[in-house]
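Contents: one structure, followed by commentary.
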There are 2 protein chains.
Amino acid sequence: MSVEKIKNMEEFAAKCGVSRPTVSKYFNDPNSVRPKTRRRIEEALERFDYRPNIYAVNQNRRLTKNIGIVVPYLADPFFAEIARYLETHCIEAGFSPSLFSSHGKQELENEILDTLRSMKPAGVLLAPLGRSSDRKVVEQFCRDVPTVLFDSNIDGIGDVFIGSDNPQFTSMMVQYLCRTGEPPCFFEMKTPPNPNARKRRQGYLEAMEVQGHEPHIFEAQGEGWALEEIGLREGIRLLESGEMQTSTILCSNDRLAIGFFAACYQKGRRVGISKDCDIRVAGLDGHPFSSFTCPPLTTVSHDYEAISERSAEALFDMIVDQNRPASRQEKLFDGKLIMRTSA
Amino acid sequence: MSVEKIKNMEEFAAKCGVSRPTVSKYFNDPNSVRPKTRRRIEEALERFDYRPNIYAVNQNRRLTKNIGIVVPYLADPFFAEIARYLETHCIEAGFSPSLFSSHGKQELENEILDTLRSMKPAGVLLAPLGRSSDRKVVEQFCRDVPTVLFDSNIDGIGDVFIGSDNPQFTSMMVQYLCRTGEPPCFFEMKTPPNPNARKRRQGYLEAMEVQGHEPHIFEAQGEGWALEEIGLREGIRLLESGEMQTSTILCSNDRLAIGFFAACYQKGRRVGISKDCDIRVAGLDGHPFSSFTCPPLTTVSHDYEAISERSAEALFDMIVDQNRPASRQEKLFDGKLIMRTSA
DNA sequence: ATATATTTTTTACGCGCGCAAACTTTTTGC
DNA sequence: GCAAAAAGTTTGCGCGCGTAAAAAATATAT
C-alpha cells in the first residue's frame with residue numbers, strides 16, 4: 001500500500017489508466033465494466049487506498065444507497081436483535097444502513113424521519129412507536145420515501161408491513177396452557193407502548209372463548225418502555241390483590257413476564273411446572289434472554305430471521321423495481337411455541 | 001406552511017430577502033448574524049420547510065458536524081444504554097450522531113472505522129472490541145480522527161480514555177462479600193471478549209490478598225459475546241465439578257452472573273442471602289436487567305451518566321479547541337455497590 | 001455629523017462526483 | 001476479415017453549498 005494519498009476520482013483514474021467516468025461506473029456496479037478493466041481498477045485499489053467521497057456521490061446520485069433503519073427502542077434486546085439482522089442484510093445487498101432509535105419518544109421519531117428524509121435514502125425500514133407515533137408525520141414520510149413497516153403496524157400507512165401474527169401467538173399459547181393445566185389469565189398493560197399488545201389481547205379473548213373458558217385480564221398501570229419494572233410493580237399489586245383466580249398467567253410479552261418473575265420471587269411464589277411450584281408463567285416474544293430466566297420462560301418466539309429477511313427483501317424489491325406496490329402488502333409470520341419449564 | 005417546495009439555499013435566501021452567504025452563515029451559527037436578520041430567516045423557516053442539503057454541506061465543510069458512536073455489541077443492554085446517553089448528549093450539543101455496532105467482529109469494526117473515516121466526522125466515541133480489535137487499524141484511525149475511547153481501554157491508543165475503575169469494582173465487591181459472609185471465588189471467562197475482565201481478575205486477586213484469603217478462580221471456556229449462555233453452560237460444569245470450595249461466587253460481569261443463576265436453578269441450588277439459600281452470587285456492571293433477576297442481583301454499577309457525559313464532553317473539548325491533548329488523558333470512575341438479595 | 005467598526009452583499013471559485021451525448025476503441029458474431 | 005455491438009473515452013455541464021475577498025450598507029463611537 002503506497003503512502004501517497006489520492007485526492008479524488010480523477011487522480012485515481014489516472015493511476016488505473018482508465019478514464020474517470022469508467023471508474024465511476026465501476027463503483028456503481030463493478031460488473032458494468034469489462035473484466036480486464038475491472039482488474040486494472042481493483043489492482044490499483046490494492047496499491048492505493050481510495051474511496052469515493054460519499055458526500056459528493058450522494059449529492060449527485062438521484063437515489064443514494066442509504067437505507068434507514070428505525071426502531072422504537074434500541075435498549076430493548078428484541079429490537080437490538082432485529083436491527084442486527086437488518087443491518088447485515090443491507091450490507092450484504094450493497095447498501096449503507098443507518099440505525100436510529102426513537103427511544104420511545106414521539107418528538108425523536110419525528111426528528112429522525114426528518115433527518116432521514118434529508119438523507120434521500122433509497123428506502124427505510126421502520127418499526128414505528130405505534131400508539132404514540134405522530135400519525136400524520138409518519139404517513140407523510142411514507143408517501144415521500146419507500147418504506148417498509150415492520151413489527152408494529154399502523155393501519156394504511158407504508159407500502160408494506162411485515163410482522164408477526166399476534167393473535168396466532170396468543171392463541172397457540174392459550175391452547176398449550178389449557179392443554180397442560182389450568183386456563184391462563186392475561187397480564188398486560190393498560191396503555192401499552194406497542195400496538196401489538198391490542199391484538200394479543202384480542203387473541204387471548206378469542207382463544208379462551210374457543211376453549212370454552214372465562215377470560216380474566218389484569219391491566220397493569222404505567223407508561224413507557226420500562227416493561228420489566230412495570231411487570232414487577234404491577235405484578236406485586238396483582239399478587240397481593242388476590243384477584244388471580246387461576247394459577248396460570250400469560251404475560252402480553254416476555255419483558256413483562258420477566259418483571260412478573262421478580263414479583264413472584266418477592267412474594268414467595270414459586271414459578272414453574274414442577275410439583276413444588278404453585279404458579280405457571282408464560283410470555284410472548286422469544287426475548288433473547290428468555291432462556292436464562294429462573295425458571296426458563298415458556299414463550300412464543302418471533303421468527304426473527306424471517307421477519308428481518310422478508311422486510312429487507314420487500315424493501316429491496318421496491319427499490320430495484322423503482323415502483324411501489326399498487327396496494328398495501330401485509331405479511332404476518334407465525335410464532336414458534338418454545339416450551340420450557342415456567343409453564 | 002406553504003406547499004411550495006424550496007430547491008436550494010439560493011431560493012430560500014430570496015424568500016428571506018437576504019443573500020445566500022448570509023443564510024449559510026445562519027445555519028452554521030444562528031448567532032453570527034444580526035438579530036433582525038435572524039428573525040427574517042426564522043420567519044421564512046416557518047413559512048417554508050427548507051433544510052440545507054446535508055451532502056452538499058458536508059462536502060464543502062472542512063469538518064462535518066457528525067460524530068461517530070461505535071460500540072462492540074449493541075445487543076448488550078449495557079452498550080445500548082450507554083449509546084442512548086451518548087446520542088442524546090451529541091444531539092444536545094448540536095452534532096449528528098451516527099451509531100454503529102461491531103457485533104463482536106473484527107472485520108466489522110475495521111469496516112466501520114473505514115466508513116467513519118470517509119464521513120470526515122468531527123470526532124468519534126469509540127468503545128473498541130478490545131482483545132479482538134485490530135490494534136494497528138484502531139491506532140491509525142485514532143491518529144487520523146479525534147477519538148475518545150470509552151469502556152474498553154487499549155493502551156496508548158486514542159487521545160482520551162474514559163471508563164470505570166475495574167479493580168475498584170472488584171475490590172469493593174470482595175470487601176463487601178468478605179464482610180458479610182464467606183470470601184468469594186471468582187467466575188470469569190478464560191478468553192473474555194472485553195479487556196476489562198483482566199483488570200477485574202487482577203482486582204480480585206489483590207483484594208483477596210489484602211483480606212488475607214486464598215483466591216479461587218474458575219475459568220469458563222467459550223468465545224464471543226453470548227455471555228449468558230457461557231455462564232449457564234460453564235456454570236453447570238462448575239457446579240457439577242465440585243471445584244467450588246466456597247458458597248460465595250463473584251462473576252466477572254452481570255451477564256455471566258445471569259447465566260450462572262440459570263445454572264444454579266437447573267442444578268437445584270438456591271441463590272441468595274436468606275437462610276434457606278445455599279449460594280451467594282454477585283456480579284459486576286449494574287446491568288439494566290440486574291434488578292429483575294431472581295433473586296435481584298447484587299452488583300457494582302458503572303456510573304453510566306458520568307461515563308457517557310464525560311466521554312462526550314472530552315470529545316467536544318477536543319473538537320472546539322481544535323487541538324488534541326498533548327498527552328493521553330485517562331479518567332476512571334468508581335462504581336457504586338448495589339446491595340440486593342443475591343449476595 | 002464624521003470616522004470607525006461591524007455586518008451584509010456581491011462576486012467568484014472550488015469541492016468531488018453523477019450523468020448524458022457524441023465519439024472512439026475493442027470485442028463479438030458470422 | 002468485416003460489420004455490428006459493446007465497452008470505454010472525451011467533453012462538458014450541473015449538483016448545492018462553503019468560503020474567501022472586496023465592495024457596500026449599516027451600526028456604533030466620538
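Below, read A as the first sequence line, B as the second, and so on, with proteins coming before strands; counting in each chain starts at 1. Worth saying up front: this structure is predicted, and the values here are computed from it rather than measured.
With rounding to whole Å, A:N60 atom CG is found 10 Å from D:dC15 atom P. The distance between atom CG of A:N28 and atom P of D:dG8, rounded to the nearest whole Å, is 14 Å. Taking atom CZ of B:R40 as the reference point, atom P of D:dT26 lies 10 Å away to the nearest angstrom. Look at CD1 on B:I54: it is 16 Å from C1' on D:dG18, rounded to the nearest Å. When rounded to the nearest whole Å, the span between OH of A:Y26 and P of D:dT9 equals 15 Å. B:N58 places its CG atom 11 Å from the C1' atom of D:dG18, with the value rounded to the nearest Å. The interatomic distance linking A:M9 (CE) with C:dC15 (P) rounds to 15 Å, in whole Å. Going from atom CZ of B:F27 over to atom C1' of D:dC17 covers 12 Å, rounded to whole Å.
Residue B:P21 is in base contact, counting any heavy-atom pair closer than 4.0 Å across all strands shown.
Where B:P35 and B:Q59 each meet DNA chain C at their nearest nucleotide, the meeting point lying more 5' is that of B:P35. For the pair A:A56 and A:S19, nearest-nucleotide mapping onto DNA chain D gives the more 5' position to A:S19.
Among the nucleotides C:dG18, D:dT9, D:dC17, the one closest to any side-chain atom of A:T22 is D:dT9. The side chain of A:N53 has C:dG16 as its nearest neighbour among C:dG16, D:dG18, C:dT8.
OP1 or OP2 of D:dC17 sits under 4.0 Å from a side-chain N or O of B:Y50. For D:dG18, the OP1/OP2 oxygens have a side-chain nitrogen or oxygen of B:S24 closer than 4.0 Å. Between B:K25 and D:dG18, a side-chain N or O to OP1/OP2 separation shorter than 4.0 Å is absent.
Ring-centre distance between B:H302 and B:F78: below the 6.0 Å cut-off. Taking the ring centroids of A:F12 and A:Y50, they lie under the 6.0 Å cut-off.
No cation-pi contact links A:K25 to A:F27, judged by a cut-off of 6.0 Å to the six-membered ring centre and 45° from its axis.
A salt bridge links A:E81 with A:R84: at least one charged nitrogen is closer than 4.0 Å to a carboxylate oxygen. The pair B:E139-B:R135 counts as a salt bridge, with a side-chain nitrogen and a carboxylate oxygen less than 4.0 angstrom apart.
The base of C:dG18 is paired with the side chain of A:R20 by a donor and an acceptor separated by under 3.5 Å.
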